[in-house]
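Throughout, a chain's letter reflects where its sequence line sits, starting with A, and its residues are numbered from 1.
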Amino acid sequence: MINEVEWEIKKGFVPDMRVPGRFFLSEKLCETLEEGALNQLANVATLPGIIKNSLAMPDIHWGYGFPIGGVAAFDMDEGVISPGGVGFDINCGVRLIKTPLDVSEIGKIKRLITELFHTVPTGVGTKAEKKFSSGELDEIMLGGAGWVVGEGYGTKEDLIRCESNGCMKEAGTEHISTKARQRGMPQCGTLGSGNHFLEIQTVKEIMDEEAASAFGVSKDDVCIMIHCGSRGLGHQVCTDHLKSIEAATKKYKIKIPDGQLACAPVKSPEGRAYYEAMAASANYAWANRQLITHMVREIFTKIYKVEYEELKLVYDVSHNVAKYEEHVVDGIKKTVCVHRKGATRAFGPNCHDIPSDIANIGQPVLIPGSMGTSSYLLKGTMTAMEKTFGSTCHGSGRIYSRSKAKKDLSGLKIKEDLEKRGIYVKATSNNVIAEEAPVAYKSSSEVVNVVHRAGLSLEVARLEPLGVIKG
DNA sequence: ATGTCC
């Protein structure tokens with residue numbers, strides 16, 4: 001234990017650890033800590049070229065190879081890149097849009113949610129109304145949110161409010177399989193399933209007036225939160241590249257304690273191929289969230305007397321991505337390969353890639369709640385830059401398996417209970433509602449409380465749901 | 001997360 005919210009796993013917890021592990025957790029959340037996830041955190045510390053610490057946020061839970069809620073940075077020359085350190089849903093992320101409406105002006109939430117549910121394609125395997133051609137898919141994978149904005153699905157201001165301006169320049173389409181393309185083509189502009197959602201929220205509480213005002217949100221504002229990723233495309237890219245990276249692990253004689261930690265040297269052909277394809281998938285996810293934003297704006301202009309441009313993007317963050325970033329390591333600035341898997345970038349004031357008008361505040365950080373619970377807007381800090389390569393938590397963190405939730409809980413009852421609280425839920429099935437029940441997750445407020453106390457990001461505002469659509 | 005098994 002380093003302090004009341006920061007813990008260390010010493011070298012030797014598992015054999016061959018190169019650095020100690022560090023994780024952030026309150027005593028209250030300790031009972032949610034899975035032994036398997038802790039072992040995964042320690043396993044990551046055995047990988048070549050890992051810098052400083054293998055890290056985990058308070059929403060840590062067991063994942064594929066790397067724990068979800070994990071952060072790991074690797075040396076560009078000695079280090080590795082691993083698909084397991086990013087996850088299957090490449091650039092799964094969240095954006096928050098502020099409407100000009102006050103909560104008192106929203107009217108019948110059921111009508112709004114029903115309209116959104118019928119417009120935004122939702123659920124496993126769903127297709128978008130507009131199918132992009134193969135050439136357009138290339139533009140999406142190379143241009144991200146910027147390309148779809150150029151096609152009329154948004155405003156230039158939207159791009160400034162996206163992490164990396166909604167496009168990783170390193171993207172390449174050379175190592176995207178035909179299968180990945182086929183899965184991706186009909187799905188850009190769809191929400192997906194599982195924990196992905198579109199939620200109408202209201203700003204319930206402001207904790208930091210200065211930052212909230214700079215980010216453009218005030219109490220009682222109606223906002224929209226969109227949580228989705230790269231759909232079948234990212235999934236297929238991860239699957240494809242796991243195969244080539246597994247072969248590379250053997251080829252470069254990298255010793256790993258778990259097959260799911262397959263990795264390749266950052267600058268190896270296999271490592272670069274994965275990075276380019278992952279970046280292309282990340283761009284697809286930004287385009288996806290941008291297209292859904294467009295649909296939401298059209299509905300709001302239709303139902304309420306508001307202009308398209310009056311719906312402002314507050315910010316868009318990625319939860320699952322690997323990036324080459326500059327960080328200060330042992331007092332020296334250097335480029336490292338940061339993996340965030342179920343973790344959010346949380347750059348501090350005046351760091352790289354923060355919109356200039358809010359640079360002095362720090363990067364906006366968005367933490368979605370689980371269905372029916374609060375979501376949070378925070379700001380990044382220099383503490384995060386020093387301790388976690390500018391990273392914080394990404395959400396609440398699952399504590400019930402999907403199967404256990406489905407077995408033990410009734411989706412219908414949860415829906416009814418939420419409705420009694422004035423939260424209208426519309427989903428493709430009651431099973432999805434059971435899987436995503438609030439009790440299946442750690443409390444988002446407790447998770448956010450830990451990162452706030454640890455100083456990894458600071459609370460700016462709390463939002464509560466009014467209605468939600470789910471896959 | 002995911003055409004929840006090519």
Side-chain angles (χ1 to χ4, degrees), chain A residues 37 40 59-70 82-95 120-128 131-132 137 176-198 226-243 260 274 277-278 280-282 284-286 288-289 292 317-322 339-344 368 370-371 394-407 411 427-437 440-441 469-471:
Chain A
Q40 290 187 320
D59 45 354
I60 178 172
H61 67 111
W62 188 91
Y64 183 94
F66 288 59
I68 296 163
S82 170
V86 173
F88 278 83
D89 192 3
I90 295 164
N91 191 8
C92 172
V94 177
R95 62 167 53 187
V120 181
T122 301
V124 181
T126 44
K127 293 180 177 177
K131 189 187 165 189
F132 290 99
L137 182 69
I176 305 281
S177 68
T178 307
K179 207 180 197 177
R181 301 182 72 97
Q182 280 170 347
R183 288 181 70 176
M185 263 194 292
Q187 288 189 322
C188 208
T190 65
L191 191 65
S193 164
N195 68 1
H196 289 165
F197 65 74
L198 188 155
I226 299 169
H227 180 198
C228 62
S230 49
R231 311 287 288 107
L233 178 92
H235 194 272
Q236 193 62 46
V237 164
C238 182
T239 305
D240 293 340
H241 284 262
L242 268 171
K243 281 191 201 123
Q260 295 186 351
Y274 168 66
M278 182 219 59
S281 310
Y284 177 97
W286 272 308
N288 190 27
R289 292 196 283 277
I292 294 173
V317 294
S318 171
H319 285 165
N320 285 2
V321 81
H339 294 63
R340 295 192 184 90
K341 180 189 192 176
T344 314
S370 48
M371 191 173 55
H394 86 304
S396 353
R398 183 170 280 281
I399 46 179
Y400 265 49
S401 70
R402 291 189 183 279
S403 50
K404 184 175 158 57
K406 260 190 290 197
K407 196 166 133 267
T428 44
S429 76
N430 281 332
N431 262 345
V432 170
I433 301 184
E435 283 180 21
E436 296 302 317
Y441 288 89
I469 74 171
K470 288 200 74 85

Rounded interatomic separation in angstrom, taking [atom1] from [X] and [atom2] from [N]:
| X | N | atom1 | atom2 | result |
| --- | --- | --- | --- | --- |
| Y284(A) | dT2(B) | OH | C1' | 13 Å |
| N431(A) | dT2(B) | CG | C1' | 16 Å |
| H196(A) | dT4(B) | NE2 | P | 16 Å |
| K404(A) | dT4(B) | NZ | P | 25 Å |
| H235(A) | dT4(B) | NE2 | P | 9 Å |
| N288(A) | dT2(B) | CG | P | 10 Å |
| F88(A) | dT2(B) | CZ | C1' | 9 Å |
| E435(A) | dT4(B) | CD | C1' | 9 Å |

Mind checking [X] for me? I need base, sugar-phosphate or nothing, with any heavy atom below 4.0 Å counting as a touch.
| X | result |
| --- | --- |
| T239(A) | nothing |
| K341(A) | nothing |
| G232(A) | sugar-phosphate |

message = If you compare all heavy atoms of C238(A) against all heavy atoms of I90(A), which two are closest, and at what distance to 0.1 Å?
response =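 Answer, listing the atom of C238(A) first, then I90(A): N-CD1, 4.3 Å.
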inquiry  = Show the nearest heavy-atom pair for residues W286(A) and S318(A), with the distance to one decimal.
reply    =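 That closest heavy-atom pairing would be CZ2-CB, 4.2 Å.
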key: Results of side-chain hydrogen bond (donor to acceptor under 3.5 Å, both in side chains) for K127(A) - residues two or more places apart only   = none
remark   = R181(A) meets the side-chain contact (heavy atoms from CB on, under 4.5 Å) criterion, sequence neighbours left out, with S134(A), L137(A), D138(A), M141(A), T173(A), I176(A)
Phosphate OP1/OP2 of dT4(B) contacted by R402(A) side-chain N/O (<4.0 Å) = no
